[in-house]
Amino acid sequence: MKLNTTLIIAAAMLMVACTGNTNLTSPDGEINVSFSLSQDGVPHYQVSAYGQAVINESALGLEAEQADLRQGFTITKVRHEAKDEQWEQPWGENKVMRDNHREMAVEMSNGQGVKLTLRFKAFDDGVGYRYEYDATAVTDSLTIIGDHTYFNFAQDGMSWSIGSYFSGYELPYREQAISATENANTPFTFKMDDIYGSIHEAALYDFPEMNIYRQDSLSFKSELAPRPEGTLARVGAEFTTAWRTLQIARDAVGLINSSLILNLNEPCKIADVSWIKPQKYVGVWWGMHLGTHVWTMGPRHGATTENAIKHIDFAAANNIGGVLFEGWNKGWENWGGNQHFDYCEPYEDFDLEKIAAYADEKGVSLWMHNETGGSIFEYERDMEKAFAKYQSLGIHYLKTGYAGGMPNHIRHHSQRGVQHYQKVVEAAAKYEIAIDAHEPIKETGIRRTWPNMMTREGARGMEWNAWSEGNSSIHLCTLPYTRLLSGPMDYTPGIFDIYYDNGRAMGMEQWNGDNTKVFIKTTLARQIANWVLLYSPLQMACDLIENYEGHPAFQFFRDFNPDCDWSEALAGEIGDYIVIARRAGEDFFLGAGTNNEPRTVSAKLDFLKPGVSYEATIYADDLNAPVITQPDGSQAPDKTFYTIEKRIVTSDDTLEISMAADGGQAVVFKPVEE
Ligand code: NOJ
Ligand code: CA
């Protein structure tokens with residue numbers, strides 16, 4: 001499908017030029033944003049929803065060395081527009097999207113001749129605004145040294161976030177009062193009375209990312225990831241920032257069902273997207289984290305020709321599209337030190353040409369892996385040569401990695417970092433390569449414009465379960481309402497060897513401390529549910545393939561289709577539980593997960609097609625599992641116990657989803673052939 005065939009079903013454009021009305025209301029009339037200027041000409045805004053203040057009057061403005069971007073402004077014009085149109089994307093939680101919003105552009109200038117347009121958009125699911133500066137009357141270029149965008153919360157409430165850190169996101173989520181949060185990265189999700197909200201950004205290009213820092217009890221200010229010498233960004237005299245976004249909903253799942261971030265991004269820039277396809281994959285990966293295998297050449301090398309063939313055979317036999325190989329290319333010996341990865345040259349025991357030919361014969365995609373260790377200058381120098389080679393071998397999937405510091409004290413999330421990640425996306429698009437980025441810049445919806453930027457890590461993923469105290473079920477119940485609001489995540493779900501029994505038998509050797517205590521902190525059924533809950537168009541079954549061979553519950557992954565047409569979060573509360581349904585083709589999938597408390601949730605199946613009978617295959621926690629001593633010494637039901645049940649259901653039915661502590665449930669619905 002070509003994106004220029006985007007279907008515009010209805011569009012209504014209305015343009016009013018005036019200097020008066022600086023109020024903007026969402027199409028449904030429930031969300032309001034209003035603009036004002038203080039006496040000294042500093043722009044301000046405030047936001048209310050459902051008749052209640054959410055953000056009290058808060059200042060706006062950037063600060064530069066060369067020109068006054070902050071004050072002395074007077075309004076020259078206010079333009080209002082409205083739009084209601086549908087558009088399609090080649091992949092996503094939902095393929096058909098609706099962009100229904102009202103827009104207000106407040107055009108201003110100040111005594112220095114600096115022009116500023118503050119553009120606001122109000123949707124039924126929140127608001128976005130951005131700065132459009134023109135300082136050409138004063139200077140040719142600008143050095144940004146301050147961001148004075150404020151978020152003055154109207155009242156206290158709870159919040160869910162990770163702390164501010166400009167070189168990574170792999171931190172546990174915190175649940176704390178808004179007023180107890182010193183600083184946070186975004187998405188910063190909060191609940192104020194009965195209103196749910198989340199602050200983030202959309203369409204971040206060529207500019208540092210925004211974090212928020214508390215000034216006093218409920219007032220937060222934007223802080224940008226700095227450049228090494230302490231300034232924030234270097235831009236031309238005319239520049240536009242990312243949208244600053246505030247998603248708003250009446251219930252927690254409303255945040256997940258919001259399409260605000262994508263709607264604030266530009267349409268697709270890739271002419272032919274036919275090669276960009278969702279896919280399930282397995283990989284030579286988990287073994288390295290467990291320590292049963294290693295990335296480097298030697299007796300425990302994971303990426304060998306023999307192992308590659310074995311994985312390709314497994315993928316082909318199990319309806320899995322791709323196989324990822326880590327440690328296939330030279331340079332791993334010095335990872336974390338003075339590394340020089342070669343992105344073209346395989347280790348001697350990995351016959352890339354032979355493997356590519358074999359994969360092609362079997363209809364399986366090869367996934368290359370480029371760990372850079374953070375060496376972005378080398379990678380920018382070498383990547384196109386590597387991409388050309390991969391393209392010549394018919395390879396369309398690439399996992400990148402930045403596990404290590406960037407040179408010259410460049411922070412991952414600074415302007416230079418943002419530029420780097422974008423360079424990779426655009427270069428990869430030229431060679432028809434889709435990206436799964438680890439240690440990435442956060443997603444801000446650029447997947448709409450660059451759909452080859454398919455998935456990314458950007459939070460504490462599965463790997464932490466191999467070599468740390470791991471990720472709790474609360475973390476897993478928080479991700480959909482925080483990190484995943486920004487876009488897909490390559491969490492890499494699906495460990496079946498919950499207690500690493502097979503891993504230990506296979507010589508698991510933990511490279512970060514005591515390997516007797518590590519284990520997966522959820523039930524096996526929850527591992528399955530995570531394939532549905534943690535959306536990624538490229539979805540991995542990450543365990544050693546030995547742990548899936550002959551396992552009855554692996555049938556779920558065989559049946560699963562990550563190429564969604566439609567999704568809806570049905571029920572949940574942040575950090576407590578979550579239920580999501582998706583449709584791919586004629587099949588539906590449901591995932592449910594709870595935190596460390598057992599829970600029963602009723603889900604109406606009215607999302608199924610009316611009049612159609614479905615065979616539901618239900619992968620559930622075994623609520624009669626025996627209590628055992630867990631590796632950490634606690635007593636709890638054995639997490640490996642599960643049940644599989646088949647039932648005929650229709651859209652009139654309701655499913656009672658009973659989950660164990662740290663548990664979940666996953667359901668495949670297939671239409672019954674008449
Ligand atoms: C960290 C990534 O998240 C992980 O998936 C990868 O295996 C290692 N870095 C090595 O590149
Ligand atoms: Ca990582």
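If you're wondering where the values come from, they're calculated on a predicted model, not measured in any experiment. Every number for a ligand or one of its atoms is a count from 1 in the order of the listing.
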| field | Which residue and heavy atom of the protein sit nearest atom 9 (N) of ligand 1, plus the separation | value | E371 OE1, 3.6 Å
| request: Among the N/O/S atoms of E463, select the one at the shortest distance from the Ca ion (ligand 2) and name it. | output: OE2
| Ion pair present between E443 and R483, side-chain N to carboxylate O less than 4.0 angstrom? | no
| task | Any atoms of ligand 1 less than 4.0 Å from a non-hydrogen atom of W335? List them with their elements. | result | 10 (C)
| query | Which bit of W286 gets closer than 4.0 Å to ligand 1, counting heavy atoms only: side chain, backbone, both or neither? | reply | neither
| field | Donor-acceptor contact present, side-chain R582 to main-chain V532, <3.5 Å | value | yes
| request: Mark the output for E170 as yes if a heavy-atom distance to ligand 1 is under 4.0 Å, and as no if none is. | output: no
| message | For N/O/S atoms only: which one belongs to E439 and is nearest the Ca ion (ligand 2)? | response | OE2
| query | In ligand 1, which numbered atoms sit nearer than 4.0 Å to a non-hydrogen atom of H369? | reply | 11 (O)
| remark: The closest protein heavy-atom partner of atom 3 (O) of ligand 1 is H438 ND1, 2.7 Å
| Proximal atoms of ligand 1 relative to W285 (non-hydrogen, under 4.0 Å) | 4 (C), 5 (O), 6 (C), 7 (O)
| request: Report the nearest protein non-hydrogen atom to atom 5 (O) of ligand 1: residue, atom name, distance rounded to 0.1 Å. | output: K399 NZ, 2.7 Å
| field | R460 bridged to E469 by N-O distance under 4.0 Å | value | yes
| said: Using a 4.0 Å cut-off to any heavy atom of E457, which atoms of ligand 1 qualify? | reply: 3 (O)
| field | Mode of W332 contact toward ligand 1 - side chain, backbone, both, neither (heavy atoms, under 4.0 Å) | value | side chain
| query | What part of M288, side chain from CB on, backbone N/CA/C/O, both or neither, has a heavy atom under 4.0 Å from ligand 1? | reply | neither
| said: Taking distance alone, with N or O pairs closer than 3.5 Å, would you say W295 contacts ligand 1? | reply: no
| field | Crowding at NE2, H409 (>12 non-hydrogen neighbours, <6.0 Å) | value | no
| task | Around atom 1 (C) of ligand 1, find the nearest protein heavy atom and jot down its residue, atom name and distance. | result | E439 OE2, 3.0 Å
| query | Looking just at side-chain N and O atoms, do H301 and D349 make a donor-acceptor pair shorter than 3.5 Å? | reply | yes
| query | Under 3.5 Å, is there a donor-acceptor pair between the side chain of N183 and the main chain of S164? | reply | yes
| Would you call E380 and K423 a salt bridge, taking side-chain N to carboxylate O under 4.0 Å as the test? | yes
| For ligand 1, is there an N or O atom under 3.5 Å from any N or O atom of E463? | yes
| said: Quick one about D662 and N596 (side-chain donor to acceptor, distance below 3.5 Å, no hydrogens or angles considered), yes or no? | reply: no
| Any donor-acceptor N or O pair under 3.5 Å, side chains T296, E333 | no
| message | Which atom name would you report as the N, O or S atom of E170 nearest the Ca ion (ligand 2)? | response | OE2
| With a 4.5 Å limit on heavy-atom distance, are the side chains of Y379 and H420 in contact? | yes
| message | Any salt bridge linking E209 with R244? Criterion: basic side-chain nitrogen under 4.0 Å from a carboxylate oxygen. | response | no
| field | Distance from atom 6 (C) of ligand 1 to nearest protein heavy atom, with residue and atom | value | E326 OE1, 3.4 Å
